[in-house]
Amino acid sequence: KGDDKARILEAASKLQGLGFSILATGGTQRYLSEHGVECERVNKVLEGRPHIEDAIRNRLVDLIFNTTEGQQALSDSRSLRQAALMNKVPYFTTIAGSIAAADAIEAMVSGDITVSPLQDYFPKVA
């Protein structure tokens with residue numbers, strides 16, 4: 001998880017720079033704060049209410065980055081994934097996906113986004 005925190009810093013910094021407020025659970029909140037990303041701590045479900053699922057259901061969350069490591073963490077995040085799905089909140093489970101989402105949001109906000117058909121990226125094969 002330590003490497004994940006270092007890599008998620010890029011996405012969190014970018015989103016904060018775009019005006020997003022960041023919520024994070026214990027260790028991640030501490031790490032981001034220590035590295036200059038202002039964020040509010042939110043409880044994990046097992047830590048009691050109010051917790052992250054409450055924030056999702058109360059429409060306080062617009063985007064979720066949740067990486068898990070190990071079977072127990074994956075199992076614990078099931079209800080979080082369900083809350084995201086039921087409340088139509090985009091949910092990213094990999095660092096690469098989180099960074100790509102932050103990059104896409106930045107491009108959209110800056111107006112520097114283009115759309116091209118997939119075929120434009122590959123030469124025609126005879």
Side-chain angles (χ1 to χ4, degrees):
K1 275 298 239 193
D3 187 45
D4 282 356
K5 286 182 184 135
R7 294 184 60 215
I8 202 68
L9 182 61
E10 176 185 345
S13 296
K14 189 170 288 189
L15 291 174
Q16 184 179 39
L18 294 170
F20 280 74
S21 297
I22 310 290
L23 290 175
T25 56
T28 302
Q29 184 271 336
R30 208 169 22 260
Y31 180 86
L32 293 175
S33 292
E34 289 170 359
H35 289 85
V37 175
E38 291 180 32
C39 54
E40 181 181 339
R41 186 185 183 286
V42 64
N43 286 335
K44 293 179 181 183
V45 175
L46 297 175
E47 295 173 333
R49 288 199 142 125
H51 52 62
I52 185 59
E53 283 182 38
D54 295 325
I56 294 167
R57 288 189 181 103
N58 291 327
R59 305 274 188 221
L60 301 174
V61 176
D62 296 315
L63 180 69
I64 300 169
F65 297 160
N66 183 42
T67 60
T68 56
E69 183 176 287
Q71 192 61 36
Q72 184 61 45
L74 187 60
S75 176
D76 292 347
S77 69
R78 182 176 185 266
S79 61
L80 180 61
R81 292 188 310 275
Q82 185 175 25
L85 180 64
M86 297 302 292
N87 291 280
K88 300 179 181 176
V89 178
Y91 185 93
F92 297 86
T93 59
T94 65
I95 297 297
S98 301
I99 292 169
D103 288 346
I105 292 168
E106 180 183 50
M108 188 177 75
V109 167
S110 72
D112 188 28
I113 193 166
T114 58
V115 178
S116 300
L118 186 60
Q119 293 84 347
D120 287 357
Y121 293 97
F122 299 98
K124 295 203 186 275
V125 178

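Note: hydrogens, waters and symmetry copies are ignored here, and every other heavy atom, side chains too, is used. Since the structure is predicted, the reported quantities are computational estimates derived from the model, not experimental observations.
Judged by distance alone, with hydrogens and angles left aside, the side-chain atoms of Asp112 form no donor-acceptor pair with the main-chain N or O of Ala107 at under 3.5 Å. Arg30 places no side-chain N or O within donor-acceptor distance of the main-chain N or O of Arg41, the cut-off being under 3.5 Å. For Glu10 (side chain) and Ile99 (main-chain N/O), no donor-acceptor pair under 3.5 Å exists by modelled atom type.
Atoms OG1 and CG, on Thr28 and Leu23 in that order, are 12.0 Å from each other to the nearest 0.5 Å. With rounding to the nearest 0.5 angstrom, the CG atom of Asn87 is 4.5 Å from the CZ atom of Arg59. Considering CD1 of Ile56 and CG of Leu80, their distance stands at 4.5 Å, rounded to 0.5 Å. Residue Ile64 holds its CD1 atom at 10.0 Å from CZ of Phe92, rounded to the nearest 0.5 Å. Within the model, atoms OG of Ser77 and NZ of Lys44 stand 10.5 Å from one another, a figure rounded to the nearest 0.5 Å. Between His51 atom NE2 and Leu46 atom CG the span is 9.0 Å, to the nearest 0.5 Å.
Crowding of Glu47 atom CD: a count of heavy atoms from other residues, nucleotides or ligands under 6.0 Å exceeding 12. The 12-atom threshold is exceeded at CD of Glu34, counting heavy atoms of other residues, nucleotides or ligands nearer than 6.0 Å.
The cluster map of Ile, Leu, Val, Met, Phe, Trp and Tyr, joined by side-chain heavy atoms under 4.5 Å apart, puts Phe65 and Leu18 in the same cluster.
Considering all non-hydrogen atoms of both residues, Leu63 and Val89 come closest at N-CG1, 3.7 Å.
For Ser13, the side chain to side chain contact (heavy atoms under 4.5 Å, CB included) partners at least two apart in sequence or on another chain are Leu9, Val37.
Under the 4.5 Å side-chain criterion, counting only non-hydrogen atoms from C-beta, Val42 is not in contact with Asp54.
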